[in-house]
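One structure below.
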Amino acid sequence: MLQEQEAHAAELERTFIAIKPDGVQRGLISEIISRFERKGFKLVAIKITVPSKDIAQKHYHDLKTRPFFDGLCDFLSSGPVIAMVWEGEGVIKYGRKLIGATDPQKSEPGTIRGDLAVAIGGNIIHGSDGPETAKDEINLWFKPEELVNYTSNAEKWIYGVN
Ligand code: GDP
Ligand code: MG
């Protein structure tokens with residue numbers, strides 16, 4: 001029973017992932033989604049949206065003292081963004097690994113930014129950096145009813161017997 005509860009709790013870990021306007025304009029939506037999907041993570045919410053400046057400022061509130069904050073918020077709200085919630089064991093931390101370092105010049109090959117981006121101002125994707133920010137960002141971008149709970153038939157194969 002305890003094991004079942006633990007497995008369930010792990011399964012329900014969720015993170016907020018966004019393909020920023022540069023990733024959308026460059027035609028990288030399916031490439032990025034496929035990396036999360038093929039890994040075995042589960043998509044539980046997705047929409048295309050042009051975020052308001054207010055949403056952008058709330059999303060990046062921890063950077064508000066940085067000189068690039070205003071330009072960054074203008075950029076995020078300048079065009080369509082793909083907002084997503086992905087679920088799976090360890091998805092917050094591993095999602096950041098799939099994404100790679102903030103500066104694409106420092107991202108390892110094999111990561112999304114390492115393979116697909118060159119400059120920090122064009123790093124194409126956002127991913128929550130911890131459990132608290134994941135919760136806040138999911139709540140900022142999605143209404144609770146936009147999150148879909150479902151069992152994927154692949155889960156028993158992805159998580160195995162242990
Ligand atoms: P992330 O979590 O890896 O996206 O990085 P941060 O939370 O530190 O920064 C958020 C976003 O701000 C980054 O993805 C970049 O788009 C942008 N950013 C961060 N640092 C810089 C910088 O030094 N210069 C510029 N122009 N943009 C930056
Ligand atoms: Mg960040």
Side-chain angles (χ1 to χ4, degrees), residues 9-144 146-148 158:
E11 222 175 87
L12 279 181
E13 184 176 324
R14 287 174 169 174
T15 193
F16 174 71
I17 301 292
I19 305 173
K20 300 197 271 192
D22 45 349
V24 173
Q25 293 297 336
R26 290 182 52 203
L28 295 172
I29 297 170
S30 61
E31 167 73 36
I32 290 171
I33 288 177
S34 76
R35 291 185 181 218
F36 281 83
E37 192 177 38
R38 285 184 300 167
K39 168 73 176 165
F41 294 136
K42 184 164 75 177
L43 184 62
V44 296
I46 184 167
K47 64 183 165 192
I48 185 163
T49 177
V50 180
S52 64
K53 185 94 187 270
D54 181 56
I55 295 264
Q57 286 169 338
K58 285 182 174 138
H59 176 77
Y60 280 130
H61 69 92
D62 59 320
L63 298 171
K64 64 171 173 276
T65 58
R66 307 294 290 275
F68 55 84
F69 176 72
D70 236 13
L72 179 63
C73 294
D74 280 342
F75 170 66
L76 191 69
S77 57
S78 70
V81 166
I82 304 294
M84 297 177 277
V85 178
W86 286 88
E87 183 182 293
E89 196 173 320
V91 70
I92 299 173
K93 208 167 174 187
Y94 208 92
R96 296 277 296 188
K97 268 196 190 178
L98 288 177
I99 289 170
T102 304
D103 179 355
Q105 294 288 338
K106 296 181 180 141
S107 308
E108 294 297 324
T111 65
I112 291 166
R113 287 169 173 164
D115 289 349
L116 306 170
V118 175
I120 199 162
N123 68 5
I124 68 172
I125 182 168
H126 167 84
S128 306
D129 63 10
E132 284 310 309
T133 45
K135 209 187 309 159
D136 292 348
E137 289 168 4
I138 291 167
N139 288 335
L140 175 66
W141 288 81
F142 288 99
K143 301 187 189 104
E146 291 178 303
L147 303 178
V148 179
I158 291 166

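Given the structure is predicted, the values throughout are model-derived calculations rather than measurements. All values below were derived from every heavy atom in this structure, side-chain atoms included, with hydrogens, water molecules and symmetry-related copies excluded. Numbering of ligands and ligand atoms starts at 1, following listing order.
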Can you find an N or O of Tyr60 that's nearer than 3.5 Å to an N or O of ligand 1? no
- Is a side-chain donor or acceptor of Asn123 paired with a backbone partner of Pro104 at a separation under 3.5 angstrom? no
re atom 24 (N) of ligand 1, the protein heavy-atom contact at minimum distance is Phe68 CD2, 3.6 Å
The protein heavy atom nearest to atom 2 (O) of ligand 1 is Arg96 NH1, 2.8 Å
Check your understanding: Hey, does His126 come in under 3.5 Å of ligand 1, counting only N/O atoms on both sides?
Key -> no
Output yes when a side-chain donor or acceptor of Gln105 lies under 3.5 Å from a complementary backbone atom of Val118, and no otherwise.
yes
Asp62 N/O under 3.5 Å from ligand 1 N/O:
no
of all protein heavy atoms, closest to atom 17 (C) of ligand 1 is Leu72 CD1, 3.8 Å
For Arg113 and ligand 1, answer yes if some heavy atom of the residue is under 4.0 Å from a ligand atom, otherwise no. yes
task = Using modelled atom types only, decide if a donor and an acceptor are shared between the side chain of Arg96 and the backbone of Gly127 within a distance under 3.5 Å.
result = yes
Looking only at protein heavy atoms, what sits closest to atom 1 (P) of ligand 1 is Thr102 OG1, 3.5 Å
Would a distance-only check, ignoring hydrogens and angles, find a side-chain to backbone donor-acceptor pair under 3.5 Å from Arg14 to Val44?
no
Self-check item: Donor-acceptor under 3.5 Å (Glu37 side chain, Leu43 main chain)
Solution: no
Checklist entry - Quick one: does Leu63 get within less than 4.0 Å of ligand 1, heavy atoms only? => result yes
request  = Please say whether the positively charged group of Lys47, taken as NZ for Lys or CZ for Arg, lies over the ring of Phe142, i.e. under 6.0 angstrom from the six-membered ring centre and within 45 degrees of the axis.
outcome  = yes
Pairs of nitrogen or oxygen atoms closer than 3.5 Å, one from Arg66 and one from ligand 1: do any exist?
no
Does any part of the side chain of Arg113, heavy atoms only, come nearer than 4.5 Å to the side chain of Ile120, both counted from C-beta?
no
**OP:** Evaluate the ring pair (Phe, Tyr, Trp, His ring centres under 6.0 Å) criterion for residues Trp86 and Phe36: first the C-alpha distance (whole Å), next the side-chain angles of each, then the deciding distance (0.1 Å), finally the verdict.
**Re:** CA-CA 8 Å; Trp86 286 88; Phe36 281 83; 5.5 Å; yes
The answer for which part of Asn123 has a heavy atom under 4.0 Å from ligand 1 is side chain
for atom 16 (O) of ligand 1, nearest protein heavy atom and its distance come out as Lys20 NZ, 3.1 Å
